[in-house]
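Note sheet for the following structure.
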Amino acid sequence: MDVDVVNMFVLAGGTLVIPILAFFASFYMWPAAIIHVYNWYWRRRLGLQVVYSENRGYRFCYSHRGKPGPGRPSILMLHGFSANKDMWLPVAKFLPKHQHLLCIDMPGHEGTSRTDARDYSIEGQVKRIRQFVESVRLTKRPFHLVGTSMGGNVAGVYAARYPNDLCSVTLICPAGLPNESPFVERLRELEKDRELSGSLDPQGIPLIPSTPEEMEDMLKLCSFVRFKIPQQILQGLVDVRVPNNDFYRELFMEIVGEKSRHSLHENMHLITVPTQVIWGKHDQVVDVSGSSMLKEAVSGCQVELLDNCGHSVVMERPRKTAQLIMDFINNQHNSGSGSNNSKKLS
C-alpha cells in the first residue's frame with residue numbers, strides 16, 4: 001500500500017484534503033474554501049494548468065501538463081460520478097513529469113458545461129468526450145484513454161466507437177457491467193421503494209451525501225482503507241457537493257437507467273485496442289467479477305487485481321495505478337502490438 005499517500009490524502013468525490021487542514025478550517029477559513037485552495041496548491045505543485053476550451057457553444061474544462069512526444073502517447077483521464085479532474089492528482093504525482101497528461105471535467109461536472117439529460121447518458125458523454133478530443137486536436141496521433149467507474153464505462157464505450165483514436169485503454173473498476181455488489185443491492189431496494197411510493201427518495205442514494213454522516217458512509221462504501229476524517233473536513237466535503245446534488249441526482253438516474261446501465265457490457269465485444277483492466281478486489285460499488293467478463297470478451301485483455309483495495313483505486317493505490325498504466329503503455333509500444341501503435345507511434 002502507498003502508505004505515504006494514504007496518510008496524507010483523502011479523496012471524496014474527486015476532492016483531496018489532509019487531516020491537518022481541519023486545524024485551519026476551525027480557526028481561519030470555511031472548510032470548503034480550504035479544500036479549493038488545497039486542490040489549487042497541488043495542481044500548481046504537480047505542474048498542472050487548468051484550461052477552458054470552447055467548441056460549438058460547449059465549454060470543456062481540463063487540466064494538463066507536458067507535451068506530446070514521439071513514441072509517447074498522450075494520456076486522457078476520465079473521472080467517475082460526481083468527481084472532477086482533481087481526483088487524478090494522486091496518480092499524476094507518480095506519472096512521469098514529461099508525460100503529456102489531460103484530466104477533463106466530465107459533462108456537467110465542475111467547469112464543463114451543464115446542459116441536460118441527453119449529455120448525461122453514457123452515449124451522450126461519449127459524444128461529448130469525442131467533441132473534446134477533436135477540439136484540442138488530440139486525434140493527431142493515437143492516445144491512451146483512462147477511465148474509472150462511470151468514466152471507465154465511458155472509456156470502454158469510446159474505445160468500441162472510436163478505435164482509430166486510441167493506441168490503448170485502461171479501465172479502472174468500470175461501471176456498465178451486470179455484476180452484483182452491495183451497492184447494486186442498495187439500488188434494487190431503492191427501486192422497490194420507488195415502485196411502492198411512486199418516486200425515488202433522493203436522500204437514499206449512497207453516492208449523493210447531504211450530511212457529514214452520509215459522507216462518511218460513502219467513503220466507507222467506496223474505500224477498503226478506513227480513514228479517520230475530522231468532522232470539519234467531512235462538513236467541508238459536504239459543503240462542496242451539496243450545491244450540485246440536484247445535478248448529481250439527474251445524472252445518477254440517467255446512468256443507472258435502461259439505456260446506460262449496461263453500456264459497457266453491450267459494447268465490450270467491439271473493443272479491439274489493447275485493453276488493461278485494474279480493479280480493487282474489495283470493490284463494494286462495482287464488483288470485481290466484472291474483470292472476468294472483460295477478460296473473456298476483449299481479446300488480449302490484461303487484468304490487474306489489487307489486494308486490500310476497494311472502488312477508489314486512484315485514492316487507495318495511486319502509486320501502483322500510475323506504475324501499472326505506464327508499464328502497460330510502454331509494453332504496448334515496445335512490443336509494437338496493436339495496429340495503431342505500430343502505424344503512428346513509432
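Here Val50 sits in one hydrophobic cluster together with Tyr52; the rule is ILVMFWY side chains under 4.5 Å apart, joined directly or through other members.
Between Arg128 and Gln131, the side chains place a donor N or O and an acceptor N or O closer than 3.5 Å (distance only, hydrogens not considered).
The two atoms that bring Ser149 and His311 nearest to each other are OG-NE2, 2.8 Å, heavy atoms only. Here the shortest heavy-atom pairing between Phe94 and Ala322 reads CB-CB, 3.6 Å. The heavy-atom pair separating Arg241 from Pro209 by the smallest distance is NH2-CD, 3.5 Å. Smallest separation of non-hydrogen atoms from Cys167 and His144: SG-N, 3.8 Å. Residues Leu264 and Ala175 approach most closely at CD2-O, 3.5 Å, considering heavy atoms. Across Asn267 and Ala160, no two heavy atoms sit closer than the pair O-CB, 3.6 Å.
Under 4.0 Å is where a charged nitrogen must lie from a carboxylate oxygen, and between Arg130 and Glu134 at least one such pair does.
Within a 6.0 Å sphere centred on CD of Glu296, other residues, nucleotides and ligands contribute 12 heavy atoms or fewer.
Under the 3.5 Å distance criterion, the side-chain polar atoms of Ser312 are matched with a main-chain donor or acceptor of Cys222. A donor-acceptor contact shorter than 3.5 Å links the side chain of Ser181 to the backbone of Val285. When atom types are taken as modelled, the side chain of Ser113 and the backbone of Arg59 share a donor-acceptor pair closer than 3.5 angstrom. Using a distance-only test at 3.5 Å, with no hydrogens or angles considered, no donor-acceptor pair links the side chain of His333 to the main chain of Arg72. Trp279 contributes no side-chain N or O that, together with a main-chain N or O of Val303, makes up a donor-acceptor pair within less than 3.5 Å. Of the possible donor and acceptor atoms, none in the side chain of Asp119 sits under 3.5 Å from a partner among the backbone N and O of Gly124. The backbone N or O of Gly176 sits nowhere less than 3.5 Å from a side-chain atom of Ser263 that would complete a donor-acceptor pair.
For the ring pair (Phe, Tyr, Trp, His ring centres under 6.0 Å) criterion with Phe132, the lone passing option out of Tyr158, Tyr58, Phe60 is Phe60.
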